[in-house]
Trainee: 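This is the structure I want to talk about, given as structure tokens.
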Amino acid sequence: MKRICVLGTGYVGLVTGTCFADLGNQVVCVDINEEKIAKLKQGIMPIYEPGLEEMVKRNAQAERLKFTTSYPEGVAEAEFVFIAVDTPSGVEGEADLRYVRAAATSLAEVMDHPLIIVNKSTVPIGTGDYVADVVRRHLNHQVPFSVVSNPEFLREGSAVHDFLNPDRVVLGSEDREAAEAVAQLYLPLRAPIIITDLRTAEMIKYASNAFLATRISFINEIATMCEALGADIKEVAIGMGYDKRIGHAYLDAGIGWGGSCFPKDVKALEYMASIHGCHPQLLRAVMDINRDQRRHVVQKLRTLLGSLNEKVIAVLGLSFKPNTDDMRNSPAVEIIHLLQNEGAIIKAYDPVAMENARRILDDVTLCGDAYQAAEGADALVIATEWNEFKQLDLPHLKEVMRQPIVVDGRNIYEPEVMRKLGFTYRGMGRGY
Ligand code: NAD
């Protein structure tokens, strides 16, 4: 049993803290958001994540997991302090480190015993050293500490599973002993553990996300070619994926990647590279292709409907991917804005992101289910591949729509089947 404090109780911090508690450690999660902490103390989850609520409740009841807004309370007994605060995009695309700086400062001010600071937030290369500097400058008690980088690779929607079943654990530090101490926390997971230096660990995270985004943009570029040349991207991807050197993952063509990580991390890496004299042309193309995928949806609708002014468009799915309520950089939201700019009237539905949608979206009629959204619509766009959209009652859907036009941004239906049912159907990269 180790004593762990986690700073930042969002998607990563809450999952990290809860899973470490479930592994038998004593965990205190600290957040500056009082509302979030008050809710968590009552067992109310601030986010939707499969399996999380039950695990939080079980560990809170066993008194292994506590929530507080107080740094002194969180840090008092900790041997390890994880930083898991947000690192959003700044104006130039750089990672904004204000929350990391604030967390490191508040931590330093209350540290009165030696501990290991573990950075889990995705941060620019060199931030480990920066955190060490910030802490050193703000210490009130001259106590020794080490900084370890431990980037997180979990995916929203399967975060608990991913945390407990990682493909690898990456640790970077100039203090090998500290990295090995952090490695001990992960031993029960039986995952490969890579110990390297701070900067290399930080780069592994950016390089991994940039590579995954590149795969998706690559397949989307091929999808656009398929559409022009009469091939079917779904079968192309399957045919490619069986090649062991390629594999099947991250080869789904569609409206592109979004969410709280890929957009900001690819931008941040591009920014980092540029200001250090590199020419990250591939990353720029990866972002351009992704942006164009949203535009392709609007173009398809314009080709089918003519002017979009006053056309009613139903959008199914608002979260950036299924099994999460996270709408940060959601392709659905970007497409809705593009359609609204052309005068379209938007009706929308998402299985779990409606509360967030109410806060984020203006002038959108939020509906109780897919059929309500489709009622009277001139076209329907599938923006998120939630399971419940995969088996819609298609004849009923067609009946309630004003025009049976479907743009399937996630390729969940088969063009042939949809055409036979009388829909005018467009997928992404399905050119036959
Ligand atoms: P989030 O926005 O969901 O949560 C961040 C939390 O930190 C918020 O609750 C916020 O109130 C809190 N916070 C901000 N400043 C604080 C401070 N000074 N002290 C204490 N708490 C503070 O963010 P997230 O999605 O969990 O991401 C956190 C980091 O992990 C980011 O760097 C992100 O890039 C990285 N990451 C995210 C994911 C993901 O899927 N969300 C996956 C891997 C890595």
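Each residue takes its place number in the sequence, starting with 1. Whatever order the structure lists them in is the order used to number ligands and atoms, beginning at 1.
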Trainee: What residues come within 4.0 Å of ligand 1, counting heavy atoms only?
Mentor: G8, T9, G10, Y11, V12, V30, D31, I32, N33, K36, Y71, A84, V85, D86, T87, Y99, A102, A103, S121, T122, E152, L154, E156, K205, S260, C261, K264, R328
Trainee: With a 4.5 Å limit on heavy-atom distance, are the side chains of I4 and R64 in contact?
Mentor: no
Trainee: Test of understanding: with side chain to side chain donor-acceptor pair (under 3.5 Å), list the residues that count as partners of T196, not counting sequence neighbours.
Mentor: none
Trainee: Centres of the F80 and F20 rings: under 6.0 Å?
Mentor: no
Trainee: Do the side chains of Q184 and K2 get nearer than 4.5 Å, heavy atoms only?
Mentor: no
Trainee: Would you say I116 and E79 make side-chain contact, with heavy atoms under 4.5 Å?
Mentor: no
Trainee: Calculate, to the nearest 0.5 Å, the distance between atoms CG and SG belonging to L316 and C367 respectively.
Mentor: 9.5 Å
